[in-house]
Amino acid sequence: MRKALGGSLEDVQVNLLRIGKGDLSELINIKPGSERSVLSSVAEMQKKLQAYELVRTQAEQSLKKSERLLRESQKAANIGCYITSLKTGMWECTSVMNHIFGITDAYPHTIEGWVDLMHPDFNQPMNNDLRKLIRYRKPFDAEYKIIRPCDGVERWMHGLGQIVFDDNGQADNLLGTVQDITGRKAVEHAISRDRERLDTILRMASDGIHILDSQGALIDANDVFLHMQGYDRTLIGLLHVSDWEVQFDRETLNARINKLLTTTDALIFDTVHRKCDGSLLEVEISTCNIDNDGVRYVYAASRDITERNQQRRQLQTLNQNLEQRVEERSRELGQAMELIRINEERFNYALEATNDGVWDWVLKPVRSLLMRPTARCWGMYQTNWGILYTVTG
């Protein structure tokens with residue numbers, strides 16, 4: 001090719017590139033007899049250049065697509081990117097980061113301008129952190145609050161950054177991202193508030209409150225429950241309900257938990273717990289399921305009923321003794337009444353046999369009592385038995 005086109009190697013390369021791009025504005029001296037070889041080489045070169053142009057175009061399109069996806073994903077996640085020159089103190093950022101900060105391109109993109117965005121509570125601490133990370137070459141990772149200049153609204157940010165050093169070991173640039181985490185902070189605050197309220201309820205409750213997951217593992221408990229069982233708080237998350245439950249085995253407990261998690265009804269029952277020292281504790285359990293972000297747990301309250309059950313057993317024993325005594329006295333009274341009846345019959349038979357009259361009265365306004373022989377002696381009939389005579393004084 002070089003012999004056909006003549007000239008230096010650099011001239012040949014320049015001519016080939018020009019011809020491959022279709023530029024025929026200048027004539028090229030070709031040695032006689034080399035036309036076909038030159039045209040073939042040029043055609044091959046043109047094909048390679050066209051293939052290169054196609055690959056370059058596709059790469060540019062892919063790069064633009066990636067940049068667009070990156071911008072959209074940053075916008076959706078409220079994440080902006082920045083690069084800060086630590087030598088000039090200037091920083092450049094994406095449009096998403098400007099939007100997050102509530103600033104425009106006209107805002108001073110300097111370290112001082114960035115510090116001015118800080119909430120007063122974070123202004124000096126963030127300035128100190130920036131100096132420390134440069135001095136100690138540590139990554140930047142901090143949560144801070146800003147006040148947006150555009151609307152004066154307070155927003156929470158999560159900043160990440162990595163220092164890039166030059167060949168001399170000097171801090172050159174700070175590369176990183178900033179994400180608006182205001183929504184997450186609001187959720188964390190709500191969770192923290194609910195947790196404090198729950199802790200207060202658990203702490204003030206007189207019953208032993210304990211919460212189990214679907215597998216029966218203890219995930220939380222108040223101090224009353226831990227004291228009742230003789231546990232300390234370090235065992236939360238390590239214990240299973242079968243570690244203290246005596247009356248039900250592990251399989252039965254799992255079945256009861258599964259049933260409880262699928263019903264809205266509360267369950268109250270008496271059972272026996274084994275304490276940490278091995279002693280037994282009689283308890284009444286009130287339990288139901290609770291929902292936390294779509295996950296169901298078992299909420300249980302245990303009440304020590306050992307003393308109550310002892311009193312109930314003592315009362316049952318007293319009742320049994322009383323019933324036994326009443327039964328004995330009733331039997332004795334029945335025997336006495338039967339003896340009185342027999343004696344009365346014998347007495348009547350004796351009176352009938354003697355044919356003598358026996359009568360008695362009480363000198364008060366009461367009825368006189370006559371026995372049958374006395375009535376006969378006085379010539380009175382059976383229909384006249386009853387009140388025969390009344391004495392007044």
Side-chain angles (χ1 to χ4, degrees), residues 63 65-166 170-199 219-220 237 292-295:
L63 180 59
K65 181 178 179 180
S66 297
E67 290 177 348
R68 185 175 68 254
L69 291 176
L70 179 60
R71 286 194 303 270
E72 294 299 327
S73 61
Q74 289 179 347
K75 184 177 180 180
N78 267 342
I79 297 178
C81 300
Y82 66 90
I83 177 171
T84 302
S85 173
L86 299 177
K87 294 179 179 179
T88 64
M90 302 294 294
W91 50 275
E92 299 177 3
C93 66
T94 60
S95 59
V96 177
M97 184 165 166
N98 278 339
H99 175 73
I100 291 173
F101 280 168
I103 60 177
T104 64
D105 292 336
Y107 185 85
H109 288 55
T110 62
I111 293 179
E112 291 76 11
W114 176 72
V115 174
D116 289 341
L117 292 171
M118 298 298 119
H119 187 278
D121 295 341
F122 294 88
N123 191 303
Q124 189 60 42
M126 292 304 300
N127 196 10
N128 295 337
D129 288 346
L130 183 60
R131 296 179 186 277
K132 288 180 181 179
L133 71 93
I134 296 175
R135 181 184 305 170
Y136 299 108
R137 300 189 176 190
K138 293 184 177 180
F140 176 68
D141 185 353
E143 294 182 356
Y144 54 92
K145 191 186 296 185
I146 69 166
I147 299 178
R148 288 161 47 105
C150 64
D151 51 19
V153 175
E154 297 180 1
R155 307 289 291 183
W156 276 97
M157 301 291 144
H158 181 203
L160 296 173
Q162 184 70 44
I163 297 179
V164 179
F165 296 89
D166 59 19
Q170 299 297 318
D172 190 11
N173 295 314
L174 176 63
L175 304 176
T177 60
V178 172
Q179 183 180 15
D180 188 334
I181 59 171
T182 306
R184 192 192 78 189
K185 280 291 186 178
V187 173
E188 291 177 353
H189 179 69
I191 293 175
S192 177
R193 187 174 61 251
D194 291 343
R195 179 65 192 182
E196 291 178 358
R197 185 160 48 242
L198 177 60
D199 288 342
I219 63 172
D220 204 355
N292 184 20
D293 292 335
V295 180

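Keep in mind that what you see is a predicted model, and the values were worked out from it rather than measured. When a residue number appears, it is its place in the shown sequence, counting from 1.
- Partners of Glu154 according to the side chain to side chain donor-acceptor pair (under 3.5 Å) rule, which considers only residues two or more places apart in sequence or in another chain, are His119.
- A donor-acceptor distance shorter than 3.5 angstrom exists from the side chain of Thr182 to the backbone of Trp156, with no hydrogens or angles considered.
- For the ring pair (Phe, Tyr, Trp, His ring centres under 6.0 Å) test, no residue two or more places apart in sequence or in another chain qualifies with His158.
- Between Trp114 and Tyr144 the shortest heavy-atom distance is NE1-OH, 3.6 Å.
- For the side chain to side chain contact (heavy atoms under 4.5 Å, CB included) test, residues two or more places apart in sequence or in another chain that qualify with Ser192 are Glu196.
- The side chain to side chain contact (heavy atoms under 4.5 Å, CB included) check on Ala171 picks up Leu86, Ile134, Ile163, Phe165, with sequence neighbours excluded.
- The stretch residues 155-164 participates, sequence neighbours left out, in these salt bridge (Lys or Arg N to Asp or Glu O under 4.0 Å) pairs: Arg155-Asp180.
- Qualifying side chain to side chain donor-acceptor pair (under 3.5 Å) partners for Asn127, counting only residues two or more places apart in sequence or in other chains: none.
- A search for side chain to side chain contact (heavy atoms under 4.5 Å, CB included) contacts involving Glu188 returns Arg184, Lys185, not counting sequence neighbours.
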Please lay out, stage by stage, how Phe101 and Ile146 fare under the test side chain to side chain contact (heavy atoms under 4.5 Å, CB included). CA-CA 8 Å; Phe101 280 168; Ile146 69 166; 3.6 Å; yes

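- Asp166 is linked by a salt bridge (Lys or Arg N to Asp or Glu O under 4.0 Å) to Lys87, counting only residues two or more places apart in sequence or in another chain.
- Qualifying side chain to side chain donor-acceptor pair (under 3.5 Å) partners for Asp194, counting only residues two or more places apart in sequence or in other chains: Arg197.
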N/O donor to acceptor pairs below 3.5 angstrom from side-chain atoms of residues 102-111, sequence neighbours left out:
from, atom 1, to, atom 2, distance (Å)
Thr104, OG1, Ala106, N, 3.3
Asp105, OD1, Asn98, ND2, 3.0
Tyr107, OH, Gly113, O, 2.7
His109, ND1, Tyr107, O, 2.5
His109, NE2, Asn98, OD1, 3.1
Thr110, OG1, Gly113, N, 3.0

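- Residues Gly80 and Thr94 come closest through the heavy atom pair CA-OG1, 3.7 Å.
- Nearest heavy atom pair, residue Trp91 against residue Met97, reads CZ3-CE, 4.1 Å.
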Test side chain to side chain contact (heavy atoms under 4.5 Å, CB included) on Phe122 and Met157; report intermediate values, then the result. CA-CA 11 Å; Phe122 294 88; Met157 301 291 144; over 6 Å; no

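- Under the ring pair (Phe, Tyr, Trp, His ring centres under 6.0 Å) criterion, Tyr82 pairs with no residue, sequence neighbours left out.
- With sequence neighbours excluded, the residues satisfying side chain to side chain donor-acceptor pair (under 3.5 Å) with Arg148 are Asp151.
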